[in-house]
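Everything numeric here is computed off the predicted structure, so don't read it as measured data.
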Amino acid sequence: MRDWLRIAAGDQVAIALKDFSAGDSITLEDGTRLELTDDVPIGHKILTKPVAEGEDVLKFGYSIGKAKTDLKPGSWVHTHNLGTGLKGLLEYRYEPIAAKAPAAAPRRQTFRGYVRENGEIGIRNEIWIINTVGCINKTCEILANRANALYRGRLDGVFHFSHPFGCSQLGDDLTYTQKLLASLANHPNAAGVLVVGLGCENNQVDSFKAAIGPHDPRRIKFMKTQEAEDEIEEGLALIEELVEYAETFERAEVPASKLKLGLKCGGSDGFSGITANPLVGAVSDRLIASGGTAILTEVPEMFGAETILMNRAANEEVFGRVVSLVNDFKQYFIRHDQEIYENPSPGNKAGGITTLEEKSLGCTQKGGHSIVTDVLPYGHRASKPGLHLLEAPGNDLVSVTALSASGAHIVFFTTGRGTPFGGPVPTVKISTNGELARKKKNWIDYDAGQLLEGKSMDELAEELWNRMLDIASGDVRTNNEENGFKEIAIFKDGVIM
């Protein structure tokens, strides 16, 4: 097996599959022996063809930036000699590409889920406590802990999602909070929901009811703690009613087309765009070919690769919405006097990612090759099949929360550096390399690094597809579920009074 990898034939860089030292050599495709002039860490880039100052350096067959100086074969290509080629706002033109043949639908086409009264499907039978305001986080935490002690074994758990907002917010900030929390309240993984308010907050229970919309009073119950004589006693009584309602549901065989899959990467490294992200893209394509839904977010990590998604838009109207999604997020950076292309993170750079173009070209691979059928504003829920783009930042906690609120039953979270975090729904950690999977077994659920160890994409895609359906059926629990890591974070963009 080679100790380096070239992704596309025209790339001037190869990816190191081990740590190299200056003076080591590699043998290129044509038999030429190339001596390395620098130390090159695993996952980083080795230059194999000369590049003049100011010229594009290609990886994945696309530019990942401009050479800062003349680059010679054998050198280490990274932040010291490669810079972003991205600048300012761009104008886009719809240039639709021919749709690729849809992925073959996998043999296994069902899982065992909970069919809710409104026809939606849940993959967990949980009670969620959602507080309208951060002042009562501790009250809701106590309710969840006591309810879990009382009802353990009767359902999949009682969970509270702490957050600091719901009061002293103005304009869009309050709207974002309400929409996000209301979408979570409508999530079918929650058999029952207890909404807990304080009584004096901006996000009043009555206005929050309007944000939730029509609902079954057996499934969603409300409590104002300032009006309750004993909010713990009253809250537990309401949770008991919700538990009894949850127990009326049993798992039944449902088609895989009912699944909604969230797509996320965090702590990416030089292998993210080679192993885990393309693997997730392959499963995403299979789900969409089966009639299901995949949801891709992290808009700032589309910058530099956005035209690939734009030209896969289902029609010109969807294309226009993708353009607005990207440009609106760029304006968000500009509005706060921040550099649009201030990315990747220190951890990304340590893992071998040099520029935002490189990060984005890897990130967008989680969307596979499917046509983009819809664009979702922050806090809105997916309602049709196909690949959706969701408005949310790259921040792990905020984007996984947004994916959950959009209706994702499961989130596939690819990572080269690792994180214990989990959202409200099962969050499947997929490592880009075997070393991380072996080191962090209590974090990582699946090792995509097997692609570098001789296993094929089709083999792993089938395996990960089956794992996804096992998780959806409740036969497998993710590490974030086993460890009790279920958190939310809400997007903040405005004044706090």
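Separating the CD1 atom in Ile488 from the OG atom in Ser404 is a distance of 9.5 Å, to the nearest 0.5 Å.
The cationic group of Lys264 does not satisfy the cation-pi geometry with Phe412, failing either the under 6.0 Å distance to the six-membered ring centre or the 45° limit from the ring axis.
Ring geometry, His187 versus Trp128: the interplanar angle falls from 30° to 60°, so the pair is classed tilted. Aromatic ring pairs are classed by plane angle as parallel below 30°, tilted from 30° to 60° and perpendicular above 60°; the pair Phe249 and Tyr245 is perpendicular.
Using modelled atom types and a 3.5 Å distance limit, the side chains of Thr414 and Asn277 yield a donor-acceptor pair.
Counting non-hydrogen atoms of neighbouring residues, nucleotides and ligands closer than 6.0 angstrom, the OH atom of Tyr114 exceeds 12 such neighbours.
When ring centroids are compared, Tyr176 and Tyr378 come within the 6.0 Å threshold. Aromatic ring centroids of His409 and Phe111 lie 6.0 Å or more apart.
Between Asp216 and Arg116 there is no salt bridge, since none of the side-chain N atoms of the basic residue sits less than 4.0 Å from a carboxylate O of the acidic one. Salt bridge status for Asp470 with Arg477: absent, with no side-chain N to carboxylate O gap under 4.0 Å. One finds no salt bridge joining Arg218 and Glu241 here, because no Lys/Arg side-chain nitrogen approaches an Asp/Glu carboxylate oxygen to under 4.0 Å. A salt bridge does not link Glu462 with Arg108: none of the charged nitrogens is closer than 4.0 Å to a carboxylate oxygen.
Sequence neighbours left out, not one pair with a member in residues 439-479 passes ring-ring contact (aromatic ring centres under 6.0 Å, His included).
Taking Ser345 as the reference, Asn348 meet the side-chain hydrogen bond (donor to acceptor under 3.5 Å, both in side chains) condition, with sequence neighbours excluded.
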